[in-house]
4 protein chains.
Amino acid sequence: MASVNKVILVGNLGKDPEVRHLEGGVAVARFPIATSETFKDKNGEKQERTEWHNIVVWRGLADVAEKYLKKGQSVYIEGKIRTSNYQDKEGIQRYSTEIVADNMTMLGGRSDAGNGNQNQYSGGTSAGNNRTETPAPAFEGEPDDLPF
Amino acid sequence: MASVNKVILVGNLGKDPEVRHLEGGVAVARFPIATSETFKDKNGEKQERTEWHNIVVWRGLADVAEKYLKKGQSVYIEGKIRTSNYQDKEGIQRYSTEIVADNMTMLGGRSDAGNGNQNQYSGGTSAGNNRTETPAPAFEGEPDDLPF
Amino acid sequence: MASVNKVILVGNLGKDPEVRHLEGGVAVARFPIATSETFKDKNGEKQERTEWHNIVVWRGLADVAEKYLKKGQSVYIEGKIRTSNYQDKEGIQRYSTEIVADNMTMLGGRSDAGNGNQNQYSGGTSAGNNRTETPAPAFEGEPDDLPF
Amino acid sequence: MASVNKVILVGNLGKDPEVRHLEGGVAVARFPIATSETFKDKNGEKQERTEWHNIVVWRGLADVAEKYLKKGQSVYIEGKIRTSNYQDKEGIQRYSTEIVADNMTMLGGRSDAGNGNQNQYSGGTSAGNNRTETPAPAFEGEPDDLPF
DNA sequence: TTTT
DNA sequence: TTTT
């Protein structure tokens with residue numbers, strides 16, 4: 001089938017990451033980031049539109065998000081689009097679109113509350129090798145078990 | 001600002017494009033494309049997950065989509081994520097995420113029903129609109145004059 | 001740090017891959033791919049420019065390249081830019097720019113001499129295999145069931 | 001031909017942009033940006049490798065570069081790879097690889113010497129011309145003639 | 001809910 | 001030649 005599902009975002013966190021630790025110790029972090037664009041409307045007036053993206057990161061990246069990412073900060077995100085459907089409390093079928101990130105780079109923030117870190121993290125594991133881009137350990141877990 | 005909202009997809013059309021012409025003659029085409037990935041579940045069995053993306057293209061790209069894209073074909077898409085909310089017929093608040101494409105390249109298809117075209121198109125053109133991405137008309141200027 | 005070096009290419013192989021096996025058994029494959037663009041020159045005539053990219057893939061991806069990629073085929077490449085300098089035989093300092101790929105998807109080819117494979121492979125290591133990103137088999141599934 | 005040539009970089013300017021104005025008033029700016037990656041060598045020691053990219057921007061983007069970009073600043077760049085060949089003063093055939101950018105976003109800098117601007121610019125638009133994509137001289141040459 |  |  002030959003397919004590619006790739007998202008690249010640079011935006012600001014709307015909130016601090018929320019982190020959960022699943023059974024087995026696997027960490028998941030979630031946070032929203034905003035991207036904005038400006039355009040001129042038909043009256044020639046400048047308008048801004050903000051788009052909110054729900055980011056999900058797993059494992060090592062979730063740890064990094066928990067430690068280093070804060071509301072307001074700017075971040076580079078690379079990942080893929082994932083839409084899930086679920087029933088809400090009223091039993092209504094709903095769709096939720098998220099970006100599952102596998103690469104993340106802090107770009108600094110508004111005031112940078114005590115954080116000068118600007119480092120890149122890649123999803124995955126590995127020790128004792130000199131790869132930069134990295135592997136990606138086993139995906140276990142029923143999609144339906146996942147918290148989205 | 002400093003933000004980036006970029007999506008790159010390679011996938012297959014799930015349906016022929018649906019094209020509408022707005023007042024003023026502006027064309028909009030919509031079509032779904034599928035991307036797939038396979039992974040091993042916890043029993044080590046191969047699983048496949050297909051993701052559906054709703055693509056929207058405007059103006060010239062909509063014309064191209066109408067003329068050349070067919071269900072089953074493979075296409076490269078570059079664009080941005082856009083989530084809209086609206087009320088459905090029951091008055092329930094819903095969200096819809098689309099990819100607004102500004103660049104599109106046909107990659108061939110399943111059987112390629114009569115279509116050998118494999119060309120790239122870039123969004124663009126036209127006046128009186130609020131596009132950010134831009135046109136790409138004639139090239140002028142002598143390459144040999146260029147400073148490199 | 002905070003840096004990103006990302007290349008995305010879709011193009012055709014100019015030659016079959018050349019594969020080498022280093023001491024230790026690590027495989028490296030190299031092959032050129034062409035991307036083209038057309039533009040109108042100042043006389044309004046259509047011109048084409050082809051760009052050649054030197055692709056390098058390591059380990060598992062090199063094996064895949066060796067087995068499945070052939071001159072003329074179309075391929076999706078994701079990687080990074082890497083420029084090396086070296087002295088040529090005359091002792092002249094030279095620069096060579098390559099794309100070190102960490103993700104690769106076959107998109108089919110000109111005539112596809114005996115090859116129907118269209119699968120995605122991700123860089124990363126090893127055996128026992130712990131991939132997340134993966135291949136992508138046949139497209140089936142009823143678009144009409146989809147929520148759009 | 002169905003091809004894509006896309007580069008995405010986030011890096012720091014190694015120098016202030018150099019701007020030239022061609023006959024006809026077209027502006028071109030050039031500047032190098034650095035991307036870095038760290039990895040562990042075989043002794044487990046942290047190593048850093050820096051890659052230098054020569055960025056070229058035209059017209060409106062060149063004006064933006066001239067006004068706002070300074071040595072040390074961080075910038076997001078989107079563009080394409082372009083390799084040119086030329087003879088140096090000794091008549092030696094040489095190759096030069098550049099990134100022709102069509103999208104640029106300032107991400108701030110080390111100390112941000114008087115610059116709080118963080119805005120995104122897209123190639124194109126405006127009066128006189130509206131090209132985004134840039135020049136592309138003739139391609140000639142057999143793949144087999146190429147230096148790889 | 002961010003940022004400019 | 002940048003940055004951490």
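By convention in this document, chain letters (A, B, ...) are assigned in the order of the sequence lines, proteins followed by strands, and residues within each chain are numbered from 1. Computed from a predicted model, the values in this text were never measured in an experiment.
Atom CZ of D:Phe31 and atom P of F:dT2 are 16 Å apart (whole Å). Put simply, CG on A:Leu107 is 13 Å from C1' on F:dT4, counting in whole angstrom units. As a whole-Å value, the separation of D:His53 NE2 from F:dT2 C1' is 11 Å. Distance B:Asn85 CG to E:dT1 C1': 15 Å, rounded to the nearest Å. Atom C1' of nucleotide E:dT1 and atom CG of A:Asn54 are separated by 11 Å, given to the nearest angstrom. When rounded to the nearest whole Å, the span between CE of D:Met106 and P of E:dT4 equals 13 Å. Here the C1' atom of nucleotide E:dT4 and the CD atom of A:Glu37 are 14 Å apart, to the nearest Å. The NZ-P distance, from A:Lys71 to E:dT1, rounds to 8 Å in whole Å.
Judged by distance alone, with hydrogens and angles left aside, the side-chain atoms of D:Gln73 form no donor-acceptor pair with the main-chain N or O of D:Leu13 at under 3.5 Å. At distances below 3.5 Å, not a single donor-acceptor pair connects side-chain atoms of D:Asn85 with backbone N or O atoms of D:Tyr95.
Not counting sequence neighbours, the partners of B:Arg30 by the side-chain hydrogen bond (donor to acceptor under 3.5 Å, both in side chains) test are B:Glu98. A search for side-chain hydrogen bond (donor to acceptor under 3.5 Å, both in side chains) contacts involving D:Gln47 returns D:Asp41, not counting sequence neighbours.
The aromatic ring of D:Trp52 does not sit over the base of F:dT2; the criterion of centres under 5.5 Å apart with planes under 30° is not met.
Across F:dT1, E:dT1, E:dT2, the shortest atom-to-atom separation from the side chain of D:Pro32 is found for F:dT1.
A:Thr35 comes within contact range of no nucleotide atom at all, as no heavy-atom separation falls under 4.0 Å.
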